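Below is one structure, written out as structure tokens; the observations come after it.
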Amino acid sequence: MQTEPKPGTLYIVATPIGNLEDMTFRAVRILQAVDMIAAEDTRHTGRLLQHFQVKTPQISYHEHNSHSRVPELLEYLQYGKAIALVSDAGMPGISDPGYELIKACIDNGITVVPIPGASAVITALSAAGLPTDRFIFDGFLPVKSQQRQKYLESLQGESRTLAFYESPHRLRDTLADLGAILGSDRSLVIARELTKLYEEFWRGTIAEGITHYQDKEPQGEYTLLVAGNPPSKPQLTETELKNELLSMIKQGISRSQASREIAKDTGLSRRYLYQLALTIELSS
């Protein structure tokens with residue numbers, strides 16, 4: 001069923017993540033018919049529009065101007081203009097500033113219509129070979145290693161498949177932190193350059209992934225998929241872990257060995273458990 005864009009409506013239009021053939025007929029039609037296209041990068045989107053012979057005017061909307069652009073776009077919409085929101089690739093609002101405009105429209109009673117299409121995280125999950133009935137998408141992890149490690153610690157017991165985006169210049173550091181915090185034996189899928197000429201799926205453990213990229217220079221955009229912590233393994237609170245560690249230490253087992261043994265039983269990172277063991281004070 002084809003309908004013309006409705007006045008005063010924001011259309012969330014998915015664009016290809018690499019292969020232009022993934023553009024939908026509906027997306028092209030909407031982009032041709034709206035009054036304006038709000039684009040993350042007007043030059044990048046301009047090439048896409050030229051390919052599909054779309055002549056609709058653009059306006060820039062990205063993380064650096066979203067604060068001032070949102071009121072402006074709201075005004076256009078309230079005057080009855082139909083606007084399409086696009087990102088550089090994939091579904092707008094997923095790990096980009098589109099969320100702010102979408103939320104503002106909803107708060108102001110403006111209709112928001114999604115035009116679905118390609119999404120890197122869903123594309124990667126569909127071919128990963130990891131459980132997809134339940135998963136967590138966490139976008140880009142914190143840039144700084146200390147903050148990244150702290151955040152990953154909150155995901156140690158998570159049984160669902162974990163999905164992240166990562167840039168090539170941070171890939172090695174992120175893999176190292178995944179191994180240190182989640183455990184190097186976790187299953188890992190690294191999806192690279194999805195739908196593009198050099199699309200690649202690498203599968204193995206986190207430890208093998210670290211080794212793989214020691215000599216291989218990371219290139220392109222990455223989606224990382226990590227197996228969840230098996231639910232059969234006991235999920236202990238920090239207090240319970242400390243009590244287990246204390247009990248073993250009192251038996252004469254070193255903090256390092258106790259951490260290693262509990263790591264085997266729980267699937268938690270030995271490094272994390274050892275740091276926990278160091279906080280335990282033994283009474284004389």
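Note that this is a predicted model, so its numbers are computed, not measured. What you see below is based on every heavy atom in this structure, not just the backbone, and it leaves out hydrogens, waters and symmetry mates.
Ion pairing of Arg69 with Glu72 is present here, as a side-chain N (NZ or NE/NH1/NH2) and a carboxylate O approach within less than 4.0 Å.
When each of Asn65, Asp41, Thr45 is checked for a side-chain contact (heavy atoms from CB on, under 4.5 Å) with Ser60, only Asn65 meets the rule.
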In sequence, state the C-alpha distance, the side-chain angles, and the governing distance for Arg29 and Gln32, and then conclude on side-chain hydrogen bond (donor to acceptor under 3.5 Å, both in side chains). CA-CA 5 Å; Arg29 181 174 58 80; Gln32 289 173 333; over 6 Å; no

List the steps, then state whether side-chain hydrogen bond (donor to acceptor under 3.5 Å, both in side chains) holds for Tyr151 with Asp138. CA-CA 10 Å; Tyr151 186 78; Asp138 252 309; 2.5 Å; yes

Audit row: Val86, Leu31, side-chain contact (heavy atoms from CB on, under 4.5 Å) steps and yes/no: CA-CA 9 Å; Val86 301; Leu31 292 178; 3.9 Å; yes

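Atoms OG and CZ, from Ser184 and Arg271 in turn, are 13.0 Å apart once rounded to the nearest 0.5 Å. Going from atom CD1 of Ile37 over to atom OG1 of Thr56 covers 4.5 Å, rounded to the nearest 0.5 Å. For the atom pair CD1 (Ile83) and CD1 (Ile59), the distance works out to 7.5 Å, reported to the nearest 0.5 Å. The distance from the CD1 atom of Ile122 to the CD1 atom of Ile94 is 8.5 Å, given to the nearest 0.5 Å. Expressed to the nearest 0.5 Å, how far CG of Leu101 lies from CD1 of Ile106 amounts to 10.0 Å.
Ser87 places no side-chain N or O within donor-acceptor distance of the main-chain N or O of Glu40, the cut-off being under 3.5 Å. For Arg255 (side chain) and Ile280 (main-chain N/O), a donor-acceptor pair under 3.5 Å exists by modelled atom type. A donor-acceptor pair under 3.5 Å is absent between the side-chain atoms of Arg203 and the main chain of Val189, judged by distance alone. Using a distance-only test at 3.5 Å, with no hydrogens or angles considered, no donor-acceptor pair links the side chain of Glu100 to the main chain of Pro97. Formation of a donor-acceptor pair under 3.5 Å by the Arg270 side chain with backbone atoms of Ser259 is not found in this model. Panel note: side chain Arg192, backbone Tyr198; a donor-acceptor pair is recorded below 3.5 Å. In this structure, the side chain of Asn108 engages the main chain of Ala104 through a donor-acceptor pair within 3.5 Å. Panel note: side chain Tyr272, backbone Gly183; no donor-acceptor pair is recorded below 3.5 Å. Here the side chain of Ser247 pairs no donor or acceptor atom with the backbone of Asn243 at under 3.5 angstrom. Using a distance-only test at 3.5 Å, with no hydrogens or angles considered, a donor-acceptor pair links the side chain of Thr161 to the main chain of Pro131.
Of all the heavy atoms in Glu166 and Leu224, the pair that sits closest is CB-CD1, 4.1 Å. Ala82 and Tyr11 get closest at one heavy-atom pair: CB-CE1, 4.4 Å. For the pair Leu130 and Ala227, the tightest heavy-atom approach, listed with the atom from each and the gap, is CD1-N, 4.0 Å. Contact detail for Asn19 and Thr195: the closest heavy-atom pair is N-OG1, 3.0 Å. Here the closest heavy-atom approach between residue Val226 and residue Leu178 is recorded as CG2-CD1, 4.3 Å. Of all the heavy atoms in Tyr61 and Ala38, the pair that sits closest is CB-CB, 4.1 Å.
Taking 4.5 Å as the limit, some side-chain heavy atom of Met248 sits within range of a side-chain heavy atom of Glu261. Thr174 has its side chain out of reach of Phe164: every pair of non-hydrogen atoms, C-beta onward, lies at least 4.5 Å apart. Proximity of Val113 to Lys6: side-chain heavy atoms (C-beta onward) are nowhere separated by under 4.5 Å. You'll find the side chain of Leu188 reaches within 4.5 Å of the side chain of Trp202, heavy atoms only. Using a 4.5 Å heavy-atom threshold, the side chains of Gln275 and Leu278 count as touching. For the pair Arg148 and Arg170, the minimum side-chain heavy-atom distance is below 4.5 Å. Using a 4.5 Å cut-off on side-chain heavy atoms (C-beta onward), Ile17 and Ser119 make no contact.
Counting heavy-atom neighbours within 6.0 Å of Tyr165 OH, excluding the residue itself, gives a total above 12. With a 6.0 Å radius and a threshold of 12 heavy atoms from other residues, nucleotides or ligands, Lys216 has its NZ atom above the threshold. Counted within 6.0 Å of CZ on Phe52, heavy atoms from surrounding residues, nucleotides or ligands total more than 12; the atom is thus considered enclosed.
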